[in-house]
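To start, the structure under review is shown below, and the notes come after it.
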Amino acid sequence: LDFELHEEKDFNGIMKFLADETSGNIHDNGTINITSNSINSDHHPKNLVDYQNNNFYLSKDDGNAIICFDFKDKSVQLSAYTIQSYDINANWGHLKNWVIEESNDAKNWIEIDCHCDDSTLNGPNIVASFKIPDNENLQFCRFIRMRQTGNSWFYTGNHNYVYFPYIEFYGKLKQ
């Protein structure tokens, strides 16, 4: 199945398709598994694919947060992804430094997109899409992860909190 990015139809890609197909949160119903090494209170990364609710993901302030999407018996070939920033002023916990990586074994990771000092999401409720460069060479993979690679935009300097409500992936899905 092919899911192309259409700017006028945000959050209408692979994750929404799986949620519609299974009638619910795709982490809670076991369709995929979403994990993180940094979860602050009850702001689990499963909230990132729950487009019907006003929840969000929030990392701890320990840096290097990783959010991993395990597609289990499925595989994806990413061409783009969309993120919405949290509803809070600029220079708070908005994403600033991150990479997107893929793997088939969750041990060996290949970086497919990289952002350093990126201000695109530094403001309230910004929806931005990012195309994967050179995606002709990408393989189908079971795991996709977002890895924080430096500070967030948090105004007091050396802080690593990251929070945002939604992410969506585009490309091809093998079921």
Work out which heavy atom in [X] is nearest to a heavy atom in [Y]; give both atom names and the distance.
X: F164; Y: S85; answer: CB-CA, 4.4 Å
X: A90; Y: P124; answer: N-CD, 4.3 Å
X: V49; Y: F69; answer: CG1-CE2, 4.5 Å
X: I67; Y: P45; answer: CG2-CB, 3.8 Å
X: Y166; Y: N53; answer: OH-O, 2.8 Å
X: N55; Y: N47; answer: CB-CG, 3.4 Å

Using modelled atom types only, decide if a donor and an acceptor are shared between the side chain of [X] and the backbone of [Y] within a distance under 3.5 Å.
X: H94; Y: I88; result: yes
X: Q77; Y: K172; result: no
X: Q148; Y: N160; result: yes
X: Y57; Y: N40; result: no
X: D113; Y: V99; result: no
X: S36; Y: I66; result: yes

_I167 and T82: CA distance, side-chain angles, deciding distance, side chain to side chain contact (heavy atoms under 4.5 Å, CB included) verdict_ = CA-CA 6 Å; I167 192 166; T82 299; over 6 Å; no
*Using the rule that two of Ile, Leu, Val, Met, Phe, Trp, Tyr join whenever any of their side-chain heavy atoms come within less than 4.5 Å, decide whether I34 and L95 are in one cluster.*
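They do share one cluster, since a chain of ILVMFWY contacts under 4.5 Å joins I34 to L95.
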_Joint hydrophobic cluster, I112 plus V76, side-chain heavy atoms closer than 4.5 Å_ =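 Yes; V76 is reachable from I112 via cluster members.
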How long is the span from the [atom1] atom in [X] to the [atom2] atom in [Y], to the nearest 0.5 Å?
X: E101; Y: N108; atom1: CD; atom2: CG; value: 11.5 Å
X: I100; Y: I110; atom1: CD1; atom2: CD1; value: 14.5 Å
X: N33; Y: I26; atom1: CG; atom2: CD1; value: 10.5 Å
X: I126; Y: L121; atom1: CD1; atom2: CG; value: 6.5 Å
X: K72; Y: F143; atom1: NZ; atom2: CZ; value: 10.5 Å
X: H43; Y: S38; atom1: NE2; atom2: OG; value: 12.5 Å

*For I144, which of Y81, F169, W109 qualifies under side chain to side chain contact (heavy atoms under 4.5 Å, CB included)?*
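Result: among Y81, F169, W109, F169 is the only option passing the side chain to side chain contact (heavy atoms under 4.5 Å, CB included) with I144.
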*side chain to side chain contact (heavy atoms under 4.5 Å, CB included) between F71 and I14, intermediate numbers included*: CA-CA 11 Å; F71 288 87; I14 293 169; 4.2 Å; yes
*Between M146 and I83, is a side chain to side chain contact (heavy atoms under 4.5 Å, CB included) present by the stated rule, with each step listed?*
CA-CA 11 Å; M146 170 185 272; I83 296 173; 3.3 Å; yes
Quick one, [X] and [Y] - any side-chain contact, counting heavy atoms below 4.5 Å?
X: D118; Y: W98; answer: yes
X: E168; Y: D10; answer: no
X: E102; Y: L78; answer: no
X: N54; Y: D87; answer: no
X: H27; Y: D50; answer: no
X: F17; Y: F3; answer: yes
X: L1; Y: K74; answer: no

Within a radius of less than 6.0 Å around [atom1] of [X], do more than 12 heavy atoms belonging to other residues, nucleotides or ligands occur?
X: Q175; atom1: CD; answer: yes
X: E4; atom1: CD; answer: no
X: K131; atom1: NZ; answer: no

*Checking side chain to side chain contact (heavy atoms under 4.5 Å, CB included) for the pair N125/Q84: CA distance, chi angles, key distance, verdict?*
CA-CA 6 Å; N125 296 312; Q84 179 174 325; 3.3 Å; yes
*Measure the acute angle between the ring planes of F11 and Y51, then classify it against the limits of 30° and 60° as parallel, tilted or perpendicular.*
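Correct class here is tilted.
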*Y161 vs F154 aromatic rings, parallel, tilted or perpendicular, using cut-offs 30° and 60°?*
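Taking F154 first and then Y161, their aromatic rings sit tilted (interplane angle of 30° to 60°).
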*Assess the side chains of N122 and N91: does a donor N or O sit below 3.5 Å from an acceptor N or O?*
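Result is yes, a qualifying pair exists.
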*side chain to side chain donor-acceptor pair (under 3.5 Å) with R142: which of D105, D70, D73?*
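Among D105, D70, D73, the one meeting side chain to side chain donor-acceptor pair (under 3.5 Å) with R142 is D70.
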